[in-house]
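Every chain is numbered from 1 and lettered A, B, ... according to where its sequence line falls, protein lines coming before strand lines. Computed from a prediction, not measured in an experiment: that's the story for all the values here. Basis for what follows: all heavy atoms, side chains included, without hydrogens, waters or symmetry-related copies.
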2 protein chains.
Amino acid sequence: MPRAATTSDVFNAVAEPKRREILALLIQERDVGGIVAAVGLRQPSVSKHLRVLRDVGLVRLRRRGRHVFYRTEPAAIRPLHDWAKTFERFWQHQLLRVKERAEAKVSNTRKEIP
Amino acid sequence: MPRAATTSDVFNAVAEPKRREILALLIQERDVGGIVAAVGLRQPSVSKHLRVLRDVGLVRLRRRGRHVFYRTEPAAIRPLHDWAKTFERFWQHQLLRVKERAEAKVSNTRKEIP
DNA sequence: TTGACACATTCCTATACAGGAATATATATT
DNA sequence: AATATATATTCCTGTATAGGAATGTGTCAA
């Protein structure tokens with residue numbers, strides 16, 4: 001079985017670096033031409049990335065005449081954030097242990113010096 | 001160009017749901033057999049997922065005789081967390097606006113009642 | 001109406017993938 | 001040494017890309 005479709009969930013959609021770049025860009029609304037100018041890709045590739053982002057709800061669009069303006073939908077990133085946050089307390093534990101070891105070492109060094 | 005390799009970065013590695021499941025599982029150290037029993041996959045598939053997670057630093061291993069014990073390396077998830085957190089203030093803005101609209105509505109309703 | 005412009009979609013291709021089956025490697029047991 | 005156990009790797013296959021090229025669609029302008 002191949003990897004899940006990029007359109008299936010947010011995790012797959014943001015696995016592509018260019019799409020993350022586009023998401024960061026679209027915190028400020030831009031039309032497709034503006035995105036093409038900003039990232040180093042041809043217009044059809046950009047449109048395809050936008051389609052993926054749209055399908056998982058990571059961007060919204062607004063049509064104005066011939067132009068289509070896209071903007072990031074930040075709330076759609078929350079599931080990813082919440083998942084990562086699940087591990088936060090564990091890496092904090094790690095940092096604490098590192099700190100404790102460092103302090104213990106200092107303490108030992110002090111004992112050794114006299 | 002195909003999708004980037006799963007081994008290239010943390011974002012690609014966690015794009016696969018089973019790997020996220022394994023990461024959650026390995027907060028508590030387990031051997032491969034234990035993982036196989038927990039997730040519904042054959043041993044070779046599990047070993048391959050572990051290889052990917054290992055290559056991007058998301059898990060560490062400890063050999064004990066014939067058994068290999070894996071555990072999640074929570075700190076390796078931080079880049080993902082930090083990236084998602086970049087958008088936190090924007091979705092908070094959204095929530096604030098929703099709240100403001102709701103309060104404005106209540107206020108209007110009150111004005112209409114008398 | 002005829003272009004011109006902005007964007008989206010389709011078709012093509014090389015590549016990466018995930019699981020299954022078979023096999024290899026390493027360690028423990030007898 | 002021979003065998004059993006635990007895990008890793010290799011080979012195979014159907015599927016999902018991501019970008020390029022070509023084409024389709026909708027809107028504005030003259």
Side-chain angles (χ1 to χ4, degrees), chain A residues 1-23 25-26 28-72, chain B residues 1-23 25-26 28-72:
Chain A
M1 205 187 282
R3 213 188 307 190
T6 52
T7 49
S8 63
D9 70 348
V10 175
F11 285 89
N12 277 285
V14 304
E16 164 63 44
K18 284 289 181 188
R19 284 200 286 266
R20 293 201 295 277
E21 191 180 333
I22 291 174
L23 280 179
L25 206 63
L26 292 183
Q28 294 174 138
E29 192 182 55
R30 285 174 195 244
D31 68 355
V32 178
I35 303 169
V36 170
V39 309
L41 288 179
R42 316 260 177 192
Q43 176 266 314
S45 291
V46 168
S47 281
K48 278 181 271 190
H49 282 312
L50 290 170
R51 163 54 95 178
V52 170
L53 293 172
R54 197 151 89 74
D55 284 346
V56 299
L58 280 165
V59 299
R60 291 201 171 286
L61 64 81
R62 178 174 67 94
R63 296 174 201 280
R64 274 319 252 187
R66 297 184 271 198
H67 293 253
V68 184
F69 292 87
Y70 284 85
R71 61 181 166 78
T72 298
Chain B
M1 205 186 283
R3 211 185 308 190
T6 51
T7 49
S8 62
D9 69 350
V10 175
F11 285 89
N12 276 287
V14 304
E16 163 65 42
K18 282 291 179 186
R19 283 199 286 267
R20 293 201 296 278
E21 192 181 332
I22 291 173
L23 280 179
L25 205 64
L26 292 182
Q28 295 174 138
E29 191 181 57
R30 284 173 196 246
D31 67 356
V32 178
I35 303 168
V36 170
V39 310
L41 288 178
R42 314 257 179 197
Q43 175 267 313
S45 291
V46 168
S47 280
K48 277 182 271 190
H49 283 311
L50 290 170
R51 163 53 95 178
V52 170
L53 293 172
R54 197 152 89 76
D55 284 346
V56 299
L58 279 166
V59 298
R60 291 201 171 287
L61 63 82
R62 178 175 67 92
R63 297 174 201 278
R64 274 316 253 189
R66 301 184 267 202
H67 293 253
V68 184
F69 292 86
Y70 285 84
R71 61 182 166 79
T72 299

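- Interatomic distance, Arg20(B) CZ to Leu25(B) CG, rounded to the nearest 0.5 Å: 14.5 Å.
- Within 4.0 Å of Arg54(B), counting heavy atoms only, lies no atom of the nucleic acid at all.
- Atoms CG and NZ, from Leu41(A) and Lys48(A) in turn, are 10.5 Å apart once rounded to the nearest 0.5 Å.
- Note: CG (Leu61(B)) to P (dT7(D)) measures 12 Å, nearest angstrom.
- Evaluation of the side-chain hydrogen bond (donor to acceptor under 3.5 Å, both in side chains) test over residues 28-37 of chain B, restricted to residues two or more places apart or in two chains, returns Glu29(B)-Arg62(B), Asp31(B)-His67(B).
- For the segment residues 37-50 of chain B, residues with any heavy atom less than 4.0 angstrom from an atom of DNA chain D are, sorted by number, Gln43(B), Pro44(B), Ser47(B), Lys48(B).
- Distance Glu16(B) CD to dA16(C) C1': 13 Å, rounded to the nearest Å.
- Atoms NE2 and CD, from His49(B) and Glu16(B) in turn, are 4.5 Å apart once rounded to the nearest 0.5 Å.
- Atom P of nucleotide dA8(D) and atom CG of Asp55(B) are separated by 12 Å, given to the nearest angstrom.
- Checking the phosphate oxygens (OP1, OP2) of dA8(C), a side-chain nitrogen or oxygen of Tyr70(A) falls inside 4.0 Å.
- Rounding to whole angstrom units, CD1 of residue Ile22(A) and P of dG19(D) are separated by 9 Å.
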Per-nucleotide protein contact string for nucleotides 24-30 of chain D, where B marks a base within reach and S marks sugar-phosphate only (heavy atoms under 4.0 Å, - for neither)
--BBS--
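- No donor-acceptor pair under 3.5 Å is formed between the side chain of Thr6(A) and the backbone N or O of Ala13(A).
- Between His67(B) and dT27(C), a side-chain N or O to OP1/OP2 separation shorter than 4.0 Å is absent.
- Interatomic distance, Phe69(B) CZ to Arg63(B) CZ, rounded to the nearest 0.5 Å: 12.5 Å.
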Go through Arg19(A) and Val14(A) one step at a time and tell me if the side chain to side chain contact (heavy atoms under 4.5 Å, CB included) criterion holds.
CA-CA 6 Å; Arg19(A) 284 200 286 266; Val14(A) 304; over 6 Å; no
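- One can place CZ of Arg51(A) at 9 Å from C1' of dT9(C), the figure rounded to the nearest angstrom.
- Heavy-atom nearest nucleotides on DNA chain C were determined for Gly33(A) and for Arg3(A), and the one closer to the 5' end corresponds to Gly33(A).
- In this structure, Leu58(B) CG and Leu26(B) CG are separated by 10.5 Å, a value rounded to the nearest 0.5 Å.
- Remark: Ser47(A) OG to Ile35(A) CD1 distance equals 8.5 Å, nearest 0.5 Å.
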